[in-house]
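Both backbone and side-chain heavy atoms feed into the values below; hydrogens, waters and symmetry mates do not. Note on naming: letters A, B, ... go to the chains in the order of the sequence lines (proteins, then strands), and numbering restarts at 1 for each one.
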There are 2 protein chains.
Amino acid sequence: MNIPSSMPPGVAFLSGQFTAENGIKKITRCGDLSGVFYDRAAWQAIPVDTPVYRVEMLRSPQGEGELFVGITHLQPGRVGDEFYMTRGHFHQRREQGEVYFGLRGTGLLLLQNEQGVARLEQISPGSVHIIPGFTAHRLINTGSEVLSALAVWPSVAGHDYAALAHGFALRVIEQDGKIQAKEVQHG
Amino acid sequence: MNIPSSMPPGVAFLSGQFTAENGIKKITRCGDLSGVFYDRAAWQAIPVDTPVYRVEMLRSPQGEGELFVGITHLQPGRVGDEFYMTRGHFHQRREQGEVYFGLRGTGLLLLQNEQGVARLEQISPGSVHIIPGFTAHRLINTGSEVLSALAVWPSVAGHDYAALAHGFALRVIEQDGKIQAKEVQHG
């Protein structure tokens, strides 16, 4: 290309890696996830500094209408019989949606509306998840490799973790060698 | 997966195809692009029903905060010495941004702000383009294969084609076997 043009950041769809150098990175460790997994004894038995997931974000302008791009890498593993998962959240601005694309690994996207109705979507490389507004979302890694998902969401969305501090209405566990979902009341 | 879960739509990142059956499709043909290419005689010499680009969109909820997902497939070709391109637009809601991901082929994303300042970003498989609000955008296929780009944008953004009816401030042409950008006053 022999004309003035810039090379934007990139994403390797297969490996789930950004090529950008100046992204923002945040690691969430087991010790950060107090109250998230139902088996507290199993959670306490895991070293607090064990990484559970890592989020990388590109730098974006911020403000009404602007969009963020990020990738979440969720490790495989379990706390007791419950699969590793992200904390999960509603957006602070409840009407703001989000889009996820599965890049690597396999898992489930747990969605829950404000009435407490939960559902699961299967995540695999290339899966497209259109998360409507007013819908909490959590990634669950049910596979044996890292689950990586690319996300696009409005910069004004914000995060509200408090609304689901008692958990989602479904938990995903391994029981008798099978992936099972169990309904819970106060997660 | 032996639990109640749904299989979402998918995108094949390498081929740029959606696997969803119920998407929305729109083809834009040469005859639809009156006034877009500067060489009117060359444009008139092309059969009006020649496909230039095709957009596929997934079904999304609509409303403030909701996001659309679509793929644009732009054919390779030229009108005179000017590369095939999309019409390009500002969003009707000017503050609303958009994100493009290059999937297949090579080209340029032409961006122009409301002050008329234009710039180009190189598109290639995996390139990530964070289009800020208040920024018009147009895809240009400078390669020899189909250029496919995945886009995520707010459902309320809308399209304003009229604001750039006289064209963008840059045109991308092939001259002496090279890709060249030329600045223009009234496109």
Gap separating the CD atom of B:Glu64 from the CD atom of A:Gln96, nearest 0.5 angstrom: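 Those atoms lie 6.5 Å apart.
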
Close approach to chain A in residues 52-62 of chain B, criterion heavy atom under 4.5 Å: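 At a heavy-atom separation under 4.5 Å, chain A is reached by B:Leu58, B:Arg59, B:Ser60, B:Pro61.
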
Structural part of A:Leu150 lying under 4.5 Å from a heavy atom of chain B: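 Contact with chain B: side chain only.
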
Per-residue contact mode, A:Phe101 against chain B (heavy atom under 4.5 angstrom):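 The side chain, not the backbone.
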
B:Leu67 versus chain A, the contacting section by heavy-atom distance below 4.5 Å: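 Both parts, heavy atoms under 4.5 Å.
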
same_hphob_cluster([X], [Y]) at 4.5 Å side-chain heavy-atom cutoff:
X	Y	answer
A:Val172	A:Tyr84	yes
B:Trp153	B:Val128	no
B:Val36	B:Leu108	yes
B:Ile179	B:Val146	no
B:Tyr100	A:Phe18	no

For chain B, which of [options] has the most heavy-atom pairs under 4.5 Å?
options	value
A:Val156, A:Ile130, A:Ile123	A:Ile130
A:Thr19, A:Val69, A:Ile131	A:Val69
A:Val99, A:Leu170, A:Leu103, A:Leu14	A:Val99

Atom of A:Pro8, atom of B:Ser127 and distance for their closest heavy-atom approach: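 Nearest heavy atoms, A:Pro8 then B:Ser127: CG-CB, 3.9 Å.
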
Among the listed options B:Glu98, B:His91, B:Glu95, the residue most often paired with chain A at heavy-atom distances under 4.5 Å: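 Greatest number of close heavy-atom pairs with chain A: B:Glu95.
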
Options B:Ala12, B:Gly97, B:Gly63, B:Ser155, ranked by heavy-atom pairs under 4.5 Å with chain A, top entry: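 Counting heavy-atom pairs under 4.5 Å, the top option is B:Gly97.
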
Sole residue of A:Leu120, A:Leu110, A:Leu109 in side-chain contact (heavy atoms from CB on, under 4.5 Å) with B:Ser5: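 Exactly one option meets the side-chain contact (heavy atoms from CB on, under 4.5 Å) with B:Ser5, and it is A:Leu120.
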
Over 12 foreign heavy atoms within 6.0 Å of NZ, A:Lys26: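 No, because the 6.0 Å sphere around NZ of A:Lys26 holds 12 heavy atoms or fewer from other groups.
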
Flag, side chain of A:Glu66 to backbone of B:Gly133, donor-acceptor distance under 3.5 Å: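 Here the side-chain-to-backbone pair exists.
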
